[in-house]
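In what follows, chains carry the letters A, B, and so on, assigned in the order in which the sequence lines appear, proteins first and then strands, with residues in each chain numbered from 1. The structure presented is a predicted model; accordingly, all values stated were derived computationally and were not measured.
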Number of protein chains: 2
Amino acid sequence: MANIKVLIVDDEPNIRDLLSTSLRFAGFSIHAVANGTDAIAAAEKGEPDIILLDVMLPDMNGFSVTKKIRSMGITAPVLFLTARDDVDDKITGLTVGGDDYVTKPFSLDEIVARINAIIRRTKPAEHEDSMIEVGEISINQDAHEVFVNGEMVDLSPTEYKLLRFLMTNPNRVLTKRQILEHVWEYDFNGEMGIVESYVSYLRKKLDPMTTEPLIQTKRGIGYMYKVAKSGH
Amino acid sequence: MANIKVLIVDDEPNIRDLLSTSLRFAGFSIHAVANGTDAIAAAEKGEPDIILLDVMLPDMNGFSVTKKIRSMGITAPVLFLTARDDVDDKITGLTVGGDDYVTKPFSLDEIVARINAIIRRTKPAEHEDSMIEVGEISINQDAHEVFVNGEMVDLSPTEYKLLRFLMTNPNRVLTKRQILEHVWEYDFNGEMGIVESYVSYLRKKLDPMTTEPLIQTKRGIGYMYKVAKSGH
DNA sequence: GGTTACTTTCAGAGAACTTTGAGAGCATAA
DNA sequence: TTATGCTCTCAAAGTTCTCTGAAAGTAACC
């Protein structure tokens, strides 16, 4: 993957750090600022490939920022961060370009998935594939569709995200905490038992269609999506 | 392996010494401090590759320390040390990026394994292989899987840890006390007979699949994982 | 051989962990 | 409103693991 530059704009330091750290770890180049004025300056100077933009900023709102940078000839797509209540026609109307939006609180895996989806759409040359195929299961990330040996399976949103996270880390044990922190929203306050529940749901739906169970339990640690090594 | 610098942050002198000594022995460069303020200074000056950070510190908690050093542009991954009770709800959001956590009381072997796992993930270039291969047995540390002559063996968590410790010290006699101190948690209060029990479990599972017994008894001292010297 | 000290193995109680089902609460759609 | 689906919690039931203690086995030494 080419080096993708992401500009993060959020006034809450917690969110900014959370996003910076985990997107940097996901392989993106990060520049983070706290307000609209800095965002406009950074967009002009840094030539980001994508902008993560909080809609509520202290000095101006995200839409004004977008209009301003677009008028400057910067076409980088914008991924808006917004509170759930603010998702009205303003946003849905604005996501015409390559833009998209995510509601707070989000999950880290969700943000990474959305960024990749946007890059896929806007830079077809240097993207990652929208299909994830590991073992007997394949996922179409654009359509959110899951196929087991060619047959489609209906998953709830959470089941889908959990499966996607497991499949992007095949043959590696993931602790329940890792799973919780990637798949669930960052302010989730509940118990890890929910991971166990959702693994159970996934197994119930997937195992009847596979030749062998795909999600292995690693007692005392967590779970692992197991695939036979292809190749040597 | 490149020289890995580890910054240890813990206010309990016992724990600090325990960690310093055994991590130094494991080949890391160590710098140890007792509080958050010193940790921030040391992180800035020493440029550690990884930070071992107690969550409960006298002056500030580990979360604040992490935020502070991350906001200074230091991206070193953090391995949090935390009491088992605090894991439930307070730590969510901590293990971003390459971070991980270990609950107190931990075992020394566990700490070394986690550090190596984090370095493998964050510095794929200069890491050690996730496979340990000694004699007829190989261990995949990512998947926590053990193979004897290519065939997989199912081990319990403690059996796995014991075998890993023996295999990282081949052809060296390990006293029962050494084994107890590395494989079991540091506050383990029981008898050394448990080492004998677990060696017995391992033999029962491994010996039927090897050409000769691999764990030798050194009467009056301890045990040794024996391998024929492969031509250098 | 006989004695002693150490080691191996077994069996079992209790603890820890996992799986699953039932259901409350909530949001969404008809 | 009612119906449907989803998320999450809780608890019961099942499973596996840990550790202890005792009995049987083995090596070392006199």
Side-chain angles (χ1 to χ4, degrees), chain A residues 83-85 87-88 92 103 105-107 109-110 144 146 153-163 173-177 179-181 183-208 213-224, chain B residues 84-85 87-89 92 103 105-107 109-110 144 146 153-163 173-177 179-180 183-185 187-208 213-224:
Chain A
R84 192 152 292 173
D85 304 338
V87 184
D88 44 20
T92 47
T103 56
F106 45 79
S107 77
D109 201 54
E110 186 63 20
H144 280 226
V146 176
V153 185
D154 222 36
L155 299 183
S156 80
T158 306
E159 289 162 358
Y160 170 82
K161 282 190 251 177
L162 171 58
L163 178 63
V173 187
L174 300 165
T175 67
K176 287 176 197 167
R177 176 154 300 275
I179 296 172
L180 199 59
E181 300 203 337
V183 176
W184 271 263
E185 297 168 352
Y186 59 76
D187 66 346
F188 179 77
N189 223 358
E191 296 294 316
M192 288 191 291
I194 196 168
V195 177
E196 295 155 14
S197 286
Y198 271 84
V199 167
S200 172
Y201 299 155
L202 270 186
R203 281 175 171 157
K204 201 146 93 181
K205 288 185 178 179
L206 301 177
D207 283 357
L214 291 171
I215 305 176
Q216 291 190 351
T217 303
K218 292 288 165 177
R219 185 165 250 258
I221 309 171
Y223 299 95
M224 182 173 90
Chain B
R84 193 154 291 174
D85 303 339
V87 174
D88 282 349
D89 35 30
T92 305
T103 55
F106 46 78
S107 77
D109 198 56
E110 185 64 20
H144 281 230
V146 176
V153 185
D154 226 34
L155 300 183
S156 81
T158 305
E159 289 163 359
Y160 172 83
K161 283 189 246 175
L162 172 58
L163 177 63
V173 184
L174 300 165
T175 67
K176 288 176 198 167
R177 177 153 299 283
I179 295 174
L180 200 58
V183 177
W184 271 262
E185 297 169 352
D187 68 346
F188 178 75
N189 226 358
E191 295 296 314
M192 286 191 295
I194 197 168
V195 177
E196 295 157 11
S197 286
Y198 271 85
V199 167
S200 169
Y201 298 154
L202 271 185
R203 282 173 170 156
K204 195 148 106 183
K205 288 185 178 178
L206 300 178
D207 283 357
L214 291 170
I215 304 176
Q216 292 190 351
T217 303
K218 294 291 165 179
R219 187 163 254 257
I221 309 172
Y223 300 94
M224 183 173 92

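- In 5' to 3' order, the nucleotides of DNA chain C bounding all contacts with chain B (an atom under 4.0 Å from a heavy atom) are C:dA5 to C:dA11.
- Looking at residues two or more places apart in sequence or on another chain, you find a ring-ring contact (aromatic ring centres under 6.0 Å, His included) between B:Phe106 and B:Tyr186.
- Two residues are said to be in side-chain contact when any heavy atoms from C-beta on lie closer than 4.5 Å; B:Leu206 and B:Leu163 meet this criterion.
- Contacts of B:Glu185 classified as side-chain hydrogen bond (donor to acceptor under 3.5 Å, both in side chains), with partners at least two apart in sequence or in another chain: B:Arg84.
- Taking A:Glu110 as the reference, A:Arg114, A:Arg164 meet the salt bridge (Lys or Arg N to Asp or Glu O under 4.0 Å) condition, with sequence neighbours excluded.
- Atom CD of A:Glu196 is separated from atom C1' of D:dA11 by 13 Å (rounded to the nearest Å).
- The separation between A:Leu202 atom CG and D:dC8 atom P is 14 Å, rounded to whole Å.
- For the pair A:Glu185 CD and D:dC6 C1', the interatomic distance rounds to 13 Å; values are reported in whole Å.
- Counting heavy atoms from C-beta outward, B:Thr158 and B:Tyr201 have side chains that stay 4.5 Å or more apart.
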Got a list of protein N/O to nucleotides 20-28 of chain D N/O distances below 3.5 Å?
from   : atom 1 : to       : atom 2 : distance (Å)
D:dT26 : O2     : B:Arg219 : NH2    : 3.1

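- Proximity of B:Trp184 to the phosphate of D:dC19: a side-chain N or O atom is located under 4.0 Å from OP1 or OP2.
- Listed by chain and number, the residues in a salt bridge (Lys or Arg N to Asp or Glu O under 4.0 Å) with B:Glu191 amount to none (sequence neighbours excluded).
- Residue B:Ser156 places no side-chain N or O under 4.0 Å from the OP1 or OP2 atom of D:dT16.
- Between the CG atom of B:Leu162 and the C1' atom of D:dC17 there is a distance of 15 Å, given to the nearest Å.
- Two residues are said to be in side-chain contact when any heavy atoms from C-beta on lie closer than 4.5 Å; A:Ser107 and A:Val183 fail this criterion.
- Put simply, CD1 on A:Ile221 is 13 Å from C1' on D:dC17, counting in whole angstrom units.
- Heavy atoms of other residues, nucleotides or ligands lying less than 6.0 angstrom from CG of B:Asp154 number 12 at most.
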